[in-house]
Amino acid sequence: MWIDTHCHLDAAEFDADRDAVVARAKAAGVRQIVIPAVDAHNLERVRELAHEHDLTYALGIHPLCVMGAKPDDLDRVAEALERHKDDERLVAVGEIGLDYFVEGIDEDTQLRFYVEQLKLAKHAGLPVLLHVRRSADKLLAGLRRVGFSHGGIAHAFNGSEQQAQAFIDLGFKLGFGGTLTFERSLQIRRVAASVPDDVPVMETDAPDIPPQWLYKTAEQREAEPGQARNEPAELPRIAESLAALRGWTVEQAAEITSANARAALPRLPR
């Protein structure tokens with residue numbers, strides 16, 4: 001059994017065939033998917049989808065959405081976490097974090113939303129799904145500042161080996177997905193190959209981060225606008241890259257990464 005620890009199943013890209021996407025994933029052996037919220041407007045939507053499809057979800061505000069957030073949106077997250085605290089399908093607070101790659105997002109605003117949501121997760125006793133993009137050191141500083149000890153997953157991890165170890169030391173697993181399938185992704189592949197067995201988890205970040213076989217070059221996008229859509233059914237093939245890097249069989253990759261996901265997110269079904 002595979003677990004996709006990060007998939008935006010509520011995204012508009014899936015509106016036309018969402019049921020078929022889930023069916024393909026389950027047919028491919030992806031039996032569990034975590035659906036993270038990205039802003040206050042889709043908190044209930046991700047919960048509804050999780051219940052509709054026998055999946056799981058996380059509640060939070062994405063760093064790329066903080067500039068459009070309203071003053072009471074953090075209160076809305078807090079209220080939703082309290083309202084659904086006994087929902088076994090609620091497995092984490094997320095997607096939260098920091099993004100210093102995209103320009104035009106105020107760093108102080110990002111940091112405030114990040115720290116306040118860490119506090120909400122600490123109060124709720126839930127792990128977090130962390131957005132990490134050119135921001136690992138400040139994310140780590142925030143975790144230490146809050147005294148956060150419930151762990152979680154550093155989603156789409158792309159930092160250094162030293163940063164990876166710092167997250168591991170704080171009880172985090174590292175999420176790997178489609179980027180692993182590109183031979184030029186040297187640093188990510190090096191980290192994926194070198195961390196301890198109890199660290200990697202699998203994810204797609206679908207509809208984003210397509211694997212190599214779905215990726216469209218700039219020339220292809222010019223001829224046919226838009227990037228190819230990723231989906232959870234691609235996870236087993238993506239995991240073949242992790243297995244090859246670590247000398248695992250694909251069956252071992254499924255067993256180990258699923259166990260790691262459950263360790264990171266204890267509410268995931270057994």
Side-chain angles (χ1 to χ4, degrees), residues 5-6 8 34 36-40 43 57-82 85 90-176 187-188 191 195 199-201 203 205 260-261 263-267:
T5 61
H6 204 106
H8 296 284
V34 182
V38 296
D39 61 37
L43 298 175
Y57 67 101
L59 298 176
I61 299 174
H62 193 290
L64 297 184
C65 296
V66 299
M67 297 308 291
K70 297 178 181 178
D72 64 346
D73 279 357
L74 285 170
D75 293 335
R76 293 175 66 182
V77 174
E79 290 164 3
L81 288 169
E82 177 62 24
K85 64 182 180 181
L90 173 59
V91 298
V93 171
E95 177 178 359
I96 69 172
L98 300 169
D99 191 309
Y100 295 149
F101 176 77
V102 177
E103 296 180 357
I105 304 174
D106 182 71
E107 290 190 15
D108 290 341
T109 301
Q110 283 197 67
L111 189 59
R112 178 171 64 86
F113 272 79
Y114 169 54
V115 169
E116 291 305 313
Q117 289 183 98
L118 281 183
K119 292 176 181 177
L120 293 178
K122 183 177 180 179
H123 177 75
L126 288 172
V128 291
L129 303 179
L130 290 183
H131 179 94
V132 187
R133 191 148 66 155
R134 295 188 182 175
S135 57
D137 290 340
K138 288 197 175 182
L139 287 170
L140 290 161
L143 291 167
R144 297 184 182 110
R145 170 182 164 188
V146 172
F148 189 77
S149 60
H150 297 288
I153 298 171
H155 150 62
F157 184 77
N158 60 3
S160 68
E161 291 168 271
Q162 292 76 19
Q163 290 167 332
Q165 187 59 53
F167 278 108
I168 294 166
D169 290 344
L170 290 175
F172 279 77
K173 309 301 183 186
L174 305 181
F176 296 101
Q187 179 170 292
I188 293 173
V191 171
V195 294
V199 169
V201 300
E203 59 174 53
D205 198 28
N260 292 346
L265 308 174
R267 287 191 179 187

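- Within a 6.0 Å radius of CZ in Arg145, other residues, nucleotides and ligands contribute 12 heavy atoms or fewer.
- Across all non-hydrogen atoms, the minimal contact from Met67 to Gly104 is CG-O, 4.4 Å.
- With rounding to the nearest 0.5 angstrom, the CD1 atom of Ile61 is 11.5 Å from the NZ atom of Lys70.
- No donor-acceptor distance shorter than 3.5 angstrom exists from the side chain of Asn260 to the backbone of Val201, with no hydrogens or angles considered.
- Without hydrogens or angle criteria, Lys138 side chain to Leu98 main chain gives no donor-acceptor distance under 3.5 Å.
- Across every non-hydrogen atom of Gly175 and Glu203, the tightest pair is CA-OE1, 3.5 Å.
- Two residues are said to be in side-chain contact when any heavy atoms from C-beta on lie closer than 4.5 Å; Arg112 and Leu74 meet this criterion.
- Taking 4.5 Å as the limit, every side-chain heavy atom of Ile188 sits out of range of all side-chain heavy atoms of Phe157.
- Minimum heavy-atom separation, Phe172 to Ala154: CD2-N, 4.0 Å.
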### Task
Verify side chain to side chain contact (heavy atoms under 4.5 Å, CB included) between Asp106 and Val66, making sure each step is shown before the conclusion.
CA-CA 9 Å; Asp106 182 71; Val66 299; over 6 Å; no
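- Counting only distance, with no hydrogens or angles, the side chain of Gln117 and the backbone of Gly94 share no donor-acceptor pair below 3.5 Å.
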### Query
Going through the checks in order, is the side chain to side chain contact (heavy atoms under 4.5 Å, CB included) test met by His150 and Leu126?
CA-CA 6 Å; His150 297 288; Leu126 288 172; over 6 Å; no
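- Classified by interplanar angle (parallel below 30°, tilted 30° to 60°, perpendicular above 60°), the ring pair His6/His155 is parallel.
- Checked for salt-bridge contact, Arg76 and Glu79 miss the test: no charged N lies under 4.0 Å from a carboxylate O.
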#### Entry: Chi angles and distances behind the side chain to side chain contact (heavy atoms under 4.5 Å, CB included) call for Val191, Phe176
CA-CA 10 Å; Val191 171; Phe176 296 101; 4.1 Å; yes
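- Annotation: the span from Ser135 atom OG to Leu111 atom CG amounts to 10.5 Å, rounded to 0.5 Å.
- Sorted by first and then second residue, the ring pair (Phe, Tyr, Trp, His ring centres under 6.0 Å) pairs with a member in residues 90-133 read His62-His131; sequence neighbours excluded.
- Pro127 and Gly152 make their closest contact through CB-CA, 3.7 Å (heavy atoms, listed as atom of the first residue, atom of the second, distance).
- Of the listed residues (Leu90, Val34, Val91), just one forms a side-chain contact (heavy atoms from CB on, under 4.5 Å) with Tyr57, and that residue is Leu90.
- Atom CD in Glu82 sits 11.0 Å away from atom CG in Leu120 (nearest 0.5 Å).
- The line from CG of Leu139 to CZ of Arg134 is 14.5 Å long, rounded to the nearest 0.5 Å.
- Taking CZ of Arg144 as the reference point, atom CG of Leu170 lies at 5.5 Å (rounded to 0.5 Å).
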### Message
With side chain to side chain contact (heavy atoms under 4.5 Å, CB included) as the criterion, how do Leu143 and Leu130 come out once you've worked through the C-alpha distance, each side chain's angles and the decisive distance to 0.1 Å?
### Response
CA-CA 11 Å; Leu143 291 167; Leu130 290 183; 4.1 Å; yes
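- Contact of the Leu129 side chain with the Thr5 side chain is not registered, since no non-hydrogen atoms from C-beta on lie closer than 4.5 Å.
- Looking only at distances, a side-chain donor or acceptor of Gln187 sits under 3.5 Å from a matching main-chain atom of Gly159.
- Residue Leu43 holds its CG atom at 8.0 Å from CG of Asp73, rounded to the nearest 0.5 Å.
- Nearest heavy-atom pair across Gln110 and Asp99 is OE1-N, 2.7 Å.
- Side-chain contact between Ile105 and Pro63 is absent, with no heavy atoms from C-beta onward closer than 4.5 Å.
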